[in-house]
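Working notes, beginning with the structure itself.
Naming: A, B, ... by sequence-line order, numbering from 1 per chain.
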2 protein chains.
Amino acid sequence: MTLDQLRYFKAVCQHDNVSLAAEALNISQPSVSNAIANLEKEFGSALFTRQRKRLVLTKEGTLLLEMTEQLLSQADNINRIMREMGSKKQILRLGVPPMIGSLALPVLFTQHFNRYPQLQVHIAEDSNSGLKRLLADNQIDMAFLPHIHSFGSEWCSVPVTELQNVCCVSKTHRLAGRSKICLADLKDEPLVLFKNSFFQTQRILEGFSHISCTPNVLLDTAQLSTVQNVVASNAVVGFMFEFLLKSTPSLVGIPLDPPMSTLVSLVWKKDRHVSESMENLIQFIKETPNGICTASQG
Amino acid sequence: MTLDQLRYFKAVCQHDNVSLAAEALNISQPSVSNAIANLEKEFGSALFTRQRKRLVLTKEGTLLLEMTEQLLSQADNINRIMREMGSKKQILRLGVPPMIGSLALPVLFTQHFNRYPQLQVHIAEDSNSGLKRLLADNQIDMAFLPHIHSFGSEWCSVPVTELQNVCCVSKTHRLAGRSKICLADLKDEPLVLFKNSFFQTQRILEGFSHISCTPNVLLDTAQLSTVQNVVASNAVVGFMFEFLLKSTPSLVGIPLDPPMSTLVSLVWKKDRHVSESMENLIQFIKETPNGICTASQG
DNA sequence: TTATTTTCATAGTTTTAAACTATTATAGGA
DNA sequence: TCCTATAATAGTTTAAAACTATGAAAATAA
């Protein structure tokens, strides 16, 4: 059993076809056939049934595929990590949810990453669930994530900042003078929300369902500027993080009652090797507990 | 990077010596040197410093060794599992602590394993901590373990039976008539205990320290028969599982006050593939919740 | 210091195995 | 029935991994 044999096997499974797999691997078809045959000889059982029209995985093949994917992923990781160390240039693959990116990234780039000229930063912007999957697959090293889905023992994290979720309206809106507001007050207001995939939206909808209200959702969007512009037009009520209002003077935020806040953490997998650049970022976050917060307010 | 290269690298690390590693691997020394050189070329960094007296792992080498051991262990598992499936003969590697073995094994062999003639059972008898390590290293498939060290989320288990820990004395002993006894009553008695590595012993000692007593331990042994014989000689007081007294009519057990019991579970790693023979054993345990208990009493 | 031993790297050769090309066999579809 | 698609087989080439032999560097001993 060699890693190459397993790679070929995986490719055949993905394509359900030896010839296509060979093409994708840039090798000849008999080489792939050979590799599969050698695996079958070594293990003593068929991995595919070839009787019928198509290749179908046997019980043994299914099990091997599952274990193979794990092994190859780990092998690729070793390769990547070792090459990175060898090439001296550090790479940090960081996941950031769209909303938090606008807060955290400017601070990180001006106060942290610029201190490491040899550091190459790759930012992956994705939803929270998407980032979690990327982390699990080792496609990113760390991510900023709301500490909501309680992370199990296989995750490490350091707290970054606590963000306030506020209701926001135009300065000329009827509710603009309120010092705080509860969801029940908003049950008949037309609302603009971020899409369901944003977990803040989920919490707001849960809040409504908790008081047995069906909110009047006029629009759900993924664009912050859409929310800002529609709210500024005075027609509707929106929700966003308080810090996002700093840059839009035409809007005012009204704290929710009860308050709703989000603890954002920097998260990574426990079983992963913590590279130098990861360690540096963790240190920066730990040393500036309010750094990202205060910077946003400056 | 191939699995063989990593295997050679690991061997060199283990022997701190290329020549010895080559000998252990049954290949020539230049082959090993070559493999290491190829890894270093591929990764772009030295894995050892050879300048000085001996081979010393570099930072990169240390990291690679750590990741390599994981990868090779997983690769060996794949190999073993697939070969096992291919050879049709099933193998179950079961870990059993010495005390529990005398209870569980006869039941398992007469009521369960005998139903699977093609099944080959390997029993590993070891301490609880030893078994846990064997499980972690995938050197055994499952083990019977007291459910004391609370198992984290990376472990699966099914409860097997609850065993009573009792104080035991000879039939003619002064305390033989007691219906129950507390540790404080025993603070001046000469005791015979199993070695500290037995977790029941640890619990008894904890119990004594809890009431600020230093027990008078005359003898600690790993042999059940030693405990039985010394206790039977009427000189000392011992502790054991109640079921172990069934076969020794010259001894009587006195329940502890408060009672002390041990929940024994069948445990395995969550990330492991559950083979047919493992599944069969789990089913047997589930279907006969008191089977092992009652059998011991018959 | 100098000789001796240990140990790893290098050079050159052999062997093995993995890749290739060409062809055959088998099944589905026209 | 023929044609096409696809995998297996045969035979050859190539590449890499093993070997033997030797050289270089450092540690050990005289």
Side-chain angles (χ1 to χ4, degrees), chain A residues 1-58 60-62 64-65 68 71-72 75 79 86, chain B residues 1-58 60-62 64-65 68 71-72 75 79 82-83 86:
Chain A
M1 184 184 82
T2 70
L3 287 176
D4 275 339
Q5 286 174 339
L6 293 181
R7 273 188 253 271
Y8 300 173
F9 169 67
K10 184 183 167 191
V12 171
C13 293
Q14 282 172 334
H15 293 89
D16 274 342
N17 181 311
V18 176
S19 305
L20 291 180
E23 197 177 345
L25 293 163
N26 268 316
I27 57 174
S28 70
Q29 169 262 314
S31 297
V32 179
S33 288
N34 229 332
I36 304 294
N38 284 337
L39 281 177
E40 292 181 320
K41 207 189 299 172
E42 178 175 359
F43 293 150
S45 44
L47 299 173
F48 301 96
T49 52
R50 295 119 161 125
Q51 326 305 41
R52 300 246 158 223
K53 184 167 153 169
R54 280 273 157 83
L55 291 186
V56 183
L57 276 170
T58 61
E60 290 84 358
T62 310
L64 179 62
L65 178 60
T68 290
L71 191 80
L72 290 181
N79 235 309
Chain B
M1 184 183 82
T2 70
L3 288 176
D4 275 339
Q5 286 174 338
L6 293 180
R7 271 187 255 271
Y8 299 173
F9 169 68
K10 183 182 167 191
V12 171
C13 293
Q14 283 173 334
H15 294 87
D16 272 343
N17 181 309
V18 176
S19 306
L20 290 179
E23 197 178 344
L25 292 163
N26 267 316
I27 59 175
S28 71
Q29 168 262 313
S31 299
V32 179
S33 287
N34 229 332
I36 303 293
N38 285 336
L39 282 178
E40 293 182 319
K41 207 189 302 172
E42 178 174 1
F43 293 151
S45 44
L47 299 172
F48 301 95
T49 53
R50 295 122 161 124
Q51 326 304 43
R52 299 245 158 224
K53 192 164 142 164
R54 278 275 158 80
L55 289 188
V56 183
L57 277 171
T58 61
E60 290 84 357
T62 309
L64 179 63
L65 177 61
T68 289
L71 189 80
L72 290 181
N79 234 308
M82 293 306 295
R83 282 169 195 274

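Contacts with DNA chain C (heavy atom under 4.0 Å) in residues 38-46 of chain B: none are found. Remark: B:Asn17, B:Val18, B:Ser19 in residues 12-19 of chain B come within less than 4.0 Å of DNA chain C through at least one heavy atom.
Pairs passing the ring pair (Phe, Tyr, Trp, His ring centres under 6.0 Å) check and including a residue from residues 18-38 of chain B, sequence neighbours excluded, do not occur.
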Side-chain donor-acceptor contacts of residues 14-26 of chain A below 3.5 Å, not counting sequence neighbours, with atom names and distances?
unit_1	atom_1	unit_2	atom_2	d
A:His15	ND1	A:Ala11	O	2.8
A:Asn17	OD1	A:Ser19	N	2.8
A:Asn17	OD1	A:Leu20	N	2.9

Determine all donor-acceptor pairs shorter than 3.5 Å in which one atom belongs to a side chain in residues 29-43 of chain A; sequence neighbours excluded.
unit_1	atom_1	unit_2	atom_2	d
A:Gln29	NE2	A:Ser33	OG	3.1
A:Ser31	OG	A:Ser28	OG	3.0
A:Asn38	ND2	A:Asn34	O	3.4
A:Glu40	OE1	A:Arg50	NH1	3.4
A:Glu40	OE1	A:Arg50	NH2	3.2
A:Glu40	OE2	A:Leu47	N	2.7
A:Glu40	OE2	A:Arg50	NH1	2.9
A:Glu42	OE1	A:Met1	N	2.5
A:Glu42	OE2	A:Met1	N	3.0
A:Glu42	OE2	B:Arg83	NH2	3.0

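With sequence neighbours left out, B:Phe9 forms a ring-ring contact (aromatic ring centres under 6.0 Å, His included) with B:Phe48. For the side chain to side chain donor-acceptor pair (under 3.5 Å) test, residues two or more places apart in sequence or in another chain that qualify with A:Glu60 are A:Thr58. Residues that satisfy the salt bridge (charged side-chain N to carboxylate O under 4.0 Å, His left out) test with B:Asp4, not counting sequence neighbours, are B:Arg7. In this structure, A:Thr62 has no side chain to side chain donor-acceptor pair (under 3.5 Å) partners at least two apart in sequence or on a different chain.
For the pair A:Gly86 and B:Ser45, the tightest heavy-atom approach, listed with the atom from each and the gap, is CA-OG, 3.8 Å.
Distance A:Leu6 CG to C:dA18 P: 13 Å, rounded to the nearest Å. Atom CG of B:Leu55 and atom C1' of D:dA27 are 14 Å apart (whole Å). In this structure, A:Arg7 places its CZ atom 14 Å from P of C:dA18, rounding to the nearest Å.
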* Asked: Taking protein heavy atoms under 4.0 Å as touching, what does nucleotides 18-24 of chain D look like 5' to 3' if B marks base contact, S marks sugar-phosphate-only contact and - marks none?
  -> BBBB---
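Rounding to the nearest 0.5 angstrom, the gap separating the OG1 atom in B:Thr49 from the CG atom in B:Leu57 is 8.5 Å.
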* To do: Kindly determine whether A:Leu3 and A:Leu72 satisfy side chain to side chain contact (heavy atoms under 4.5 Å, CB included), including the steps that lead there.
  => CA-CA 7 Å; A:Leu3 287 176; A:Leu72 290 181; 4.1 Å; yes
